[in-house]
Amino acid sequence: MSVIGQAEGIEHGTVKGYKQHTYRQIKPCDDCKRALREDRAAVRRGERPKQTGQTEKVVRRPSSKKQAHTQVQEAVPVRLMPPPPAPFTDRSRLGVPVQGHELAIGDVIVFLGNHHRIDRFEPYTGSLLAELGEGTRVACAGAWGMTVGPRSTVRILPRPAGGERREPV
């Protein structure tokens, strides 16, 4: 049985009564209109949350550029980030930069955090020879190899401070 058009059973003077009026397609009475106005005003003032399952007080945000410079009624919670790590000071593990033509057998190349001691040089005959220039070679450390042009910058571990100067090959 439909309740459309039936006025009996409406809870007058409440928001629920207003909704019952509209559902039943009956003009709302003054008491129900007043209850709805008061409820909406309370929501706007932040005295009551909306009926959307929201349980916390509403934080009002500016709704236009003109209101953007007004203060927000409540502080918005902020998630604190941990302090940044101490600055990296030990750069010796990164190696010192040298030009490719200065590399010598015995130098230790630092590449992607790994150390590779050069044990030989092989001539480079690949397709990048025109780009890298004459004198391009492959620095080899066992089965590992790295193509090095004469003007390429390569990072190596610092060379011994004593008189052991290695000659470029």
Side-chain angles (χ1 to χ4, degrees), residues 15-16 18-19 22-23 36-169:
V15 175
K16 183 176 181 180
Y18 180 85
K19 291 179 182 179
T22 56
Y23 176 76
L36 182 70
R37 277 194 308 270
E38 290 172 0
D39 183 69
R40 288 185 177 169
V43 170
R44 280 193 303 272
R45 288 189 304 265
E47 296 171 357
R48 190 188 67 69
K50 290 183 178 180
Q51 295 294 322
T52 58
Q54 184 178 352
T55 57
E56 296 178 9
K57 187 174 178 184
V58 177
V59 176
R60 296 182 70 190
R61 301 273 182 214
S63 59
S64 69
K65 289 184 180 181
K66 183 178 179 184
Q67 294 176 338
H69 297 291
T70 61
Q71 287 183 326
V72 176
Q73 287 185 347
E74 290 184 17
V76 178
V78 176
R79 192 176 94 200
L80 299 176
M81 301 296 290
F88 186 68
T89 56
D90 181 20
R91 299 204 180 272
S92 64
R93 294 184 318 174
L94 297 177
V96 295
V98 297
Q99 294 293 311
H101 68 275
E102 298 173 355
L103 281 177
I105 293 177
D107 283 339
V108 179
I109 295 178
V110 180
F111 183 72
L112 297 176
N114 296 316
H115 298 170
H116 304 277
R117 183 175 300 281
I118 300 173
D119 57 20
R120 68 188 184 285
F121 289 100
E122 296 177 359
Y124 178 76
T125 58
S127 61
L128 293 176
L129 188 57
E131 284 291 319
L132 296 174
E134 194 62 37
T136 299
R137 53 196 176 157
V138 178
C140 299
W144 182 86
M146 177 179 188
T147 303
V148 180
R151 294 179 308 278
S152 301
T153 302
V154 180
R155 290 193 164 271
I156 63 170
L157 290 181
R159 293 178 175 148
E164 299 180 29
R165 169 124 168 83
R166 292 182 283 247
E167 294 298 323
V169 177

A.B. asks: Taking the side chain from Arg117 and the backbone from Gly106, do they hold a donor-acceptor pair closer than 3.5 Å?
C.D. replies: yes
A.B. asks: Can you tell if the side chain of Ile156 reaches within under 4.5 Å of the side chain of Val110, non-hydrogen atoms only?
C.D. replies: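 No. Closest side-chain heavy atoms not under 4.5 Å.
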A.B. asks: If you measure from NE2 on His101 to CZ on Arg137, what distance do you get to the nearest 0.5 Å?
C.D. replies: 9.0 Å
A.B. asks: Heavy-atom distance under 4.5 Å between the side chains of Leu128 and Thr147, does that happen here?
C.D. replies: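 They are not in side-chain contact.
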A.B. asks: Would you find more than 12 non-hydrogen atoms of other residues, nucleotides or ligands less than 6.0 Å from Arg120 atom CZ?
C.D. replies: yes
A.B. asks: Nearest heavy-atom pair of Val138 and Tyr124: which atoms, and what distance?
C.D. replies: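 Taking every non-hydrogen atom into account, CG2-CD1, 4.0 Å.
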A.B. asks: Provide the closest heavy-atom pair for Arg159 versus Asp107 in the form atom of the first, atom of the second, distance.
C.D. replies: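 Heavy-atom minimum between the residues: NH2-OD2, 2.8 Å.
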A.B. asks: Provide the closest heavy-atom pair for Gln99 versus Arg151 in the form atom of the first, atom of the second, distance.
C.D. replies: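 In this case the closest contact between Gln99 and Arg151 is OE1-O, 3.0 Å.
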A.B. asks: Check Thr153 against Pro97 and note the closest heavy-atom contact, atom names and distance.
C.D. replies: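 For Thr153 and Pro97, the tightest heavy-atom pair comes out as CG2-CB, 3.7 Å.
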A.B. asks: State, to 0.1 Å, how close Ala139 and Val148 come at their nearest heavy-atom pair, and which atoms those are.
C.D. replies: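 Smallest interatomic distance, heavy atoms only, reads CB-CG2, 4.2 Å.
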A.B. asks: Could you report the tightest heavy-atom contact between Gly133 and Pro150, atom names first, then the distance?
C.D. replies: O-CD, 4.1 Å
A.B. asks: Which residue pairs pass the salt bridge (charged side-chain N to carboxylate O under 4.0 Å, His left out) test when at least one of the two sits in residues 138-150, sequence neighbours left out?
C.D. replies: none
A.B. asks: Classify the ring geometry of Trp144 against His116: parallel below 30°, tilted from 30° to 60°, perpendicular beyond 60°.
C.D. replies: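 Ring orientation of Trp144 relative to His116: parallel.
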A.B. asks: Do Tyr18 and Asp39 come close enough that some side-chain heavy atom pair is under 4.5 Å?
C.D. replies: no
